[in-house]
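One structure is given here, and the rest of the page talks about it.
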Amino acid sequence: MKEIPTRYDPHSIEESTYAMWLESGIFHAEASPDGSRYSIVIPPPNITGVLHMGHALNNAIQDILIRWKRMSGFTTLWMPGTDHAGIATQNVVEKDLARTGLKRHDMTREEFIGRVWEWKQEYGSTIIEQLKRLGCSCDWDRERFTMDEGLSNAVKEVFIRLYREGLIYKGNYIINWCPRCGTALSDEEAEHRDLDGMIYYIKYPVKGSPTLSRENEDYVVIATTRPETMLGDVAVAVNPKDPRYAGLKGKTLELPILKRELRIIFDESVDPEFGTGALKVTPAHDPLDFELGRRHGLPSINVMHPDGVINAEGGDYEGLDRFECREVILEDLKSRRLFVRAEEHVHAVGHCYRCHVVVEPRLSKQWFVRMKPLAEDAIKVVEDGTIKFHPARWTKVYLGWMYNIRDWCISRQIWWGHRIPVWYCVSCVGTRDMRDVDVSSPGAAGIYVGKEPPSGCPDCGAGEMEQDPDVLDTWFSSWLWPFSTMGWPDDNKMLDSFYPTDALVTAQEIIFFWVARMIMAGLKFAGDVPFNDVYIHGTVRDSTGTKMSKSLGNVIDPLEIIREVGSDALRFSIISITSQGQDVFLSRDKFDVGRNFANKIWNASRYVMMTTGGCSDNVEINVSSLSLADRWILHNLNLVIEEVNRCFENFRFNDAASRLYDFIWHKYCDWYLEISKLSGDKDNTARVLVTVLRKSMQLLHPIMPFITEAVWQMAPESSSGLISASEWPLKREDWEDAASAAKMEKLIACITAVRNIRAFWNVLPGTELDVFFDPQDENDSSIVEDNRVLLEKLAHCRVREIRKGLSRPEKSVAALLGNSRIFVPLGASVDVESEKQRVRDKITEIERYLEGVGRKLSNKDFLSKAPREVVEKENKKLAKFRQEADTLRENLEALV
RNA sequence: GGGCGCAUAGCUCAGCUGGUUAGAGCGCAUGCCUCACAUGCAUGAGGUCGGAGGUUCGAGUCCCCCUGCGCCCACCA
């Protein structure tokens, strides 16, 4: 027998257990195209990240699936990794540099990238190490990073293929621009938040009008939320049907301050109801205005530098920050009496999802992916059920986005990332501003697209080629993750074995960023869907419902929780409070459940090992010689095995957790363990104790891997292997024994009834009660007779007589067990008067039920339409209530 | 402006295809340091399921409307 510590110490156990797993190599999956296999890919956390509760939940779920499938005999692959998080990482490293007084542009691009790699080397695997603390059984031999050679190669391959197919293009459009990060963002990366802003009404004078006296004759009032963009105004648009502005035909306006002449354009898209019905048109700073400008042949005037500071187009305002400029312009307008009024106005404003600065719509040349053609198949596979979302409601969200998909801006004006594999010939394109090169015109010369730098210009033969300075959106590598991590396009051995993967487990906020795009890329490049099931779990929020985030300071650090209660307790707790895709409201005390449960398991296991000497569970149990309690617990074990399997299959992890909790704690520990102490057949009892414990540990292992492994290792024959590599328990026909289980339930009810009487009548704890049992039939009679000792010990009583129809003893109270009755004489120890009312109340309550059931049973429709078993149940219920009420009345009489 | 989710014991939440006296954890009450566990044991008191209507023999569970909270999407300046 091994020495088992009295106190459960999660830390040392978890640490040594994980080391043992790593050493055993069970997490590693060899590629083999044959046999049943199960694979999932981790949603790669980014290298700047630290483990938060969302990760903990996400990875706990994945680990459950993988461990369950591994034990079920599948070859399992769980491929871990990280993504390079272009903008986020660059921001972090720049901040780091700033501490030494350096800026990114103080060094060369190569030097800076070198710094980022250094940073990655040092800090980039923090989160990976934390996943190990959580117990994740990833195949660490196959860890991937989006900037690895293989993945980078896949990125280039995909870019080139899409470019050649015309699905990637470069164009001049309004994109979301983050002035702080200095880069374009995709639509998804601009988070829209409602802000309480202002809308300003401003007079634009009609050119040539001497005064500002008459509205719509001498001046027009426009409404805007961003007055600073008026510096880029080139027109004012009104609806052609708007009578207020009909008289303005043929006239022009004068832009205040800058005195620029503005055309008045008439366009159906202008809503006469909004503001004044007159819209200032700023094609370089607003997507709608950009379209208007195109339709009406207007120029675009960009008035801002990339960092949001007004440029030379802004005249006197040059050098002002955009928001500063807004205030100054408003002041100037007021002093010129051109300011009409300001109103409070709530509107959605885009924010950079990395730095939360207000995004500026900005006209610029960027690379885009044409998404419509890619979306077609991605729509089909979800509509036809090849890919299923769990819960199903996300299907609609996904499809809605797919139907209205817009082109994806993939170029970023940063340094850290996959550089766009396009080179330009300096002499052919005639500029050194490579970002500005127009590649869209057919047959444009001096453009080379390929994986490696060209030796010279393919068109003019000259040597000087310069690469496009931009890098690709990080998601342009993430969307390839399921197959790029498996060697695509060069080595397809892994793909053959493990692609498509089976399940993707992720959070709701990442459906568009990642899930949808992976489906498109998988179909386009790997020839199949990347996974079949998408399980969307809830968002982890704090107890007030706010999303947990570091900046809000409302996080509960999973690592701290692990330090306090252990990883198993963390996992069990968070799993058991997360029902199917519902958001999780977390508070510290939630983790007590897991901590207490782990403690309970530890102590029960310790006890079992101590009393059984860790007897072998390899010895077959001879079912025919088992006691009632043995049969009952084995029968229940069968039930749990079935249910846990069903729960895991349907992504109902919380149900599995609570089912196991109930079985282990309330059935095994509370009843079976206690009964085992009274057993006369030590051999059989020991076998059942150990068997049920070990099977329970196996069932629980996917949720609480560490403690279950530790318990498994307590047994002397643990040399047979790891629980992680053990065979998943199956239901056993020879353990099926519903009849015995029902008998045991009756005995339990009997014990509970006597205990209840003791507590209800305030019998002193030391008092041994006398029990008289009036059984309804042979069956009940034998249950009590055969298990007399259990009843006496567990209810602290003495069974005096078992006889059908025995007469009620003097001064006794009764309890019911179906139609059997238990009498307990209480003698003088009962305070009769004070208990009468309680009995009367109980009778009233039961009579109310009786009334309801009676009404139901006299309803003809019910009798004719309800299924027979339901009617039978109701009849039984009626009989039971009647009996109970009668017995209570008897009790009451006895009291009187 | 669309779409979605949630409102069930004091608190936090389960409740799958409508059918036993609606469950759990925490908290609370009473009694126990019983030789695995006080991170424990035993017993118990608490909800008629946000509001109105409908379908049905029967609804927390399906349909409609209303109220409150939350989230997502959307180029109304």
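In this text, all values refer to a predicted model and were calculated from it rather than measured experimentally. Residue numbers start from 1 in every chain, and the chains themselves are labelled A, B, ... in the order their sequence lines are given, proteins ahead of strands.
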- Using the C1' atom in both, what is the distance from B/A22 to B/C49, to the nearest Å? 8 Å

- Expressed in whole Å, how much space separates the C1' atoms belonging to B/G15 and B/G47? 14 Å

- Evaluate the ring planes of A/Phe653 and A/Phe651, with Trp represented by its six-membered ring, and classify them as parallel (under 30°), tilted (30 to 60°) or perpendicular (over 60°). perpendicular

- Distance, C1' atom - from B/C11 to B/U56, rounded to whole angstrom: 36 Å

- For A/Glu344, look at atom CD and say whether over 12 heavy atoms of other residues, nucleotides or ligands are found less than 6.0 Å away. no

- Item | Of the listed nucleotides B/C13, B/C75, B/C37, the one nearest the side chain of A/Phe585 | B/C13

- Task: For A/Asn650 and A/Arg652, indicate whether the former's side chain and the latter's backbone hold a donor-acceptor pair under 3.5 Å.
- Result: no

- Task: Could you check which of B/G40, B/G25, B/U39 has an atom nearest any side-chain atom of A/Arg7?
- Result: B/U39

- Message: Would you call the rings of A/Tyr353 and A/Phe513 parallel, tilted or perpendicular, taking 30° and 60° as the class edges?
- Response: parallel

- Item | Nearest-angstrom distance, C1' atom, B/G50 to B/A7 | 6 Å

- Message: Within residues 651-659 of chain A, which residues have any heavy atom lying less than 4.0 Å from an atom of RNA chain B?
- Response: A/Arg652, A/Asp655

- Using a 4.0 Å heavy-atom cut-off across all strands, classify A/Thr752 as base, sugar-phosphate, or nothing. sugar-phosphate

- Message: For the C1' atoms, the ones on B/U61 and on B/U17, what distance do you get once it is rounded to whole angstrom?
- Response: 10 Å

- Task: Could you check which of B/A74, B/C37, B/C72 has an atom nearest any side-chain atom of A/Gln508?
- Result: B/C72

- Task: With heavy atoms under 4.0 Å as the rule, sort A/Phe597 into base, sugar-phosphate or nothing.
- Result: nothing

- Message: Heavy atoms only, 4.0 Å cut-off, all strands: where does A/Arg393 land among base, sugar-phosphate and nothing?
- Response: sugar-phosphate

- Do any N or O atoms from the side chain of A/His347 and from the backbone of A/Arg193 form a donor-acceptor pair under 3.5 angstrom? no

- Query: What nucleotide, of B/C41, B/C37, B/C75, holds the atom closest to the side chain of A/Asn599?
  - Reply: B/C37

- What is the distance from atom CD1 of A/Ile748 to atom CG of A/Leu817, rounded to the nearest 0.5 Å? 11.5 Å

- Any idea which of B/U43, B/G31, B/C76 is nearest the A/Pro765 side chain? B/G31

- Task: Return the orientation label for the A/Phe274 and A/His345 ring planes: parallel under 30°, perpendicular over 60°, tilted otherwise.
- Result: perpendicular

- Task: Indicate the ring-plane relationship of A/Phe389 and A/Tyr398, choosing parallel, tilted or perpendicular according to the 30° and 60° boundaries.
- Result: tilted

- Note on the structure: Taking for A/Ala348 and for A/Ala598 the nucleotide of RNA chain B with the nearest heavy atom, the one nearer the 5' end belongs to A/Ala598

- Is the phosphate of B/A77, meaning OP1 or OP2, less than 4.0 Å from a side-chain N or O of A/Thr224? no

- Residue whose nearest RNA chain B nucleotide is more 5′ - A/Asp286 or A/Val584: A/Val584

- Spacing between A/Asp589 atom CG and B/G25 atom P, to the nearest angstrom: 15 Å

- Ignoring hydrogens and angles, does a donor from either the side chain of A/Glu674 or the base of B/A36 sit under 3.5 Å from an acceptor on the other? yes

- Task: Report the distance from atom CG of A/Leu399 to atom CD1 of A/Ile405, rounding to the nearest 0.5 Å.
- Result: 11.5 Å

- In whole Å, what separates the C1' atom of B/C33 from that of B/G40? 9 Å

- Task: May I ask you to check whether over 12 heavy atoms, not counting those of A/Arg755, lie within 6.0 Å of atom CZ?
- Result: yes

- Message: Show, in sequence, the C-alpha distance, side-chain angles and deciding distance for A/Glu564 and A/Arg588, and conclude whether the salt bridge (Lys or Arg N to Asp or Glu O under 4.0 Å) test is met.
- Response: CA-CA 11 Å; A/Glu564 281 171 21; A/Arg588 278 202 119 70; 3.3 Å; yes

- Query: Quick one: stems for RNA chain B, with Watson-Crick or G-U pairs under 3.5 Å, at least three in a row?
  - Reply: B:1-7 with B:67-73, B:10-13 with B:23-26, B:28-32 with B:40-44

- Looking for any heavy atom pair under 4.0 Å, which part of the strands does A/Val565 touch: base, sugar-phosphate only, or nothing? nothing

- Classify the nucleic acid contact of A/His796 as base, sugar-phosphate or nothing, counting any heavy atom under 4.0 Å across all strands shown. nothing

- Query: How is A/His285 classified with respect to the nucleic acid when contacts are heavy atoms under 4.0 Å: base, sugar-phosphate, or nothing?
  - Reply: nothing

- In whole angstrom, give me the gap between the P atoms of B/A9 and B/U48. 8 Å

- Respond yes when some side-chain nitrogen or oxygen of A/His345 is under 4.0 Å from OP1 or OP2 of B/A77, and no when none is. yes

- For B/A52 versus B/C63, give the span between their C1' atoms, rounded off to a whole number of Å. 14 Å

- Just checking A/Ile577: base, sugar-phosphate only, or nothing, at a heavy-atom cut-off of under 4.0 Å? nothing

- Task: Taking only the side-chain heavy atoms of A/Ala759 (C-beta and beyond), determine which of B/A36, B/C75, B/U43 contains the nearest atom.
- Result: B/U43

- Relative to its sugar, using the 90° cut-off around 0, the base of B/G54 is anti

- Query: Which of the following nucleotides, B/A77, B/A14, B/G25, is nearest to the side chain of A/His347?
  - Reply: B/A77

- Message: Please classify the nucleic acid contact of A/Lys280 as base, sugar-phosphate, or nothing, using heavy-atom distances under 4.0 Å.
- Response: nothing

- Would you classify A/Lys793 as touching base, sugar-phosphate or nothing, given that sugar-phosphate means primed atoms plus P, OP1 and OP2, and contacts are heavy atoms under 4.0 Å? nothing

- Tell me, please, whether A/Phe585 has A/Lys590 positioned over its six-membered ring: NZ or CZ under 6.0 Å from the ring centre and within 45 degrees of its axis? no

- Task: Would you please confirm or rule out a distance under 4.0 Å between OP1 or OP2 of B/G40 and any side-chain N or O of A/Asn596?
- Result: yes

- Can you label the angle between the A/Phe597 ring and the A/Phe572 ring as parallel, tilted or perpendicular, going by 30° and 60°? tilted

- Query: Does any N or O in the side chain of A/Asn654 come within less than 3.5 Å of the main-chain N or O of A/Ile577, such that one atom is a donor and the other an acceptor?
  - Reply: no

- Message: Does a side-chain N or O of A/Lys396 approach OP1 or OP2 of B/C72 to a distance below 4.0 Å, or not?
- Response: no

- Query: Are the side chain of A/Asp655 and the backbone N or O of A/Cys647 linked by a donor-acceptor pair below 3.5 Å?
  - Reply: no

- Query: Which is it for A/Asp233 and A/Thr282 under the side-chain hydrogen bond (donor to acceptor under 3.5 Å, both in side chains) test, yes or no, and what are the steps along the way?
  - Reply: CA-CA 4 Å; A/Asp233 281 3; A/Thr282 324; 2.7 Å; yes

- Message: So A/Gln582, base contact, sugar-phosphate only, or nothing? Heavy-atom distance under 4.0 Å.
- Response: sugar-phosphate

- State which of B/C73, B/G44, B/G40 makes the closest approach to the side chain of A/Asn756. B/G44

- Which nucleotide sits closest to the side chain of A/Asp670: B/A42, B/A74, B/A77? B/A42

- Message: By nearest atom, which of the nucleotides B/A77, B/G40, B/A74 is closest to the A/Trp665 side chain?
- Response: B/G40

- Message: Check this one for me: any side-chain N or O of A/Lys880 less than 4.0 Å away from OP1 or OP2 of B/U20?
- Response: no

- Task: Send over the distance from A/Glu643 CD to B/C16 C1', rounded to a whole Å.
- Result: 12 Å

- Is any side-chain nitrogen or oxygen of A/Arg595 closer than 4.0 Å to OP1 or OP2 of B/U39? no

- Using a heavy-atom cut-off of under 4.0 Å over every strand shown, decide if A/Lys873 touches base, sugar-phosphate, or nothing. nothing

- Task: Do nucleotides 54-62 of chain B as a string where each nucleotide becomes B, S or -: B if the base has a protein heavy atom under 4.0 Å, S if just the sugar-phosphate does, - if no protein is that close.
- Result: ---B-----

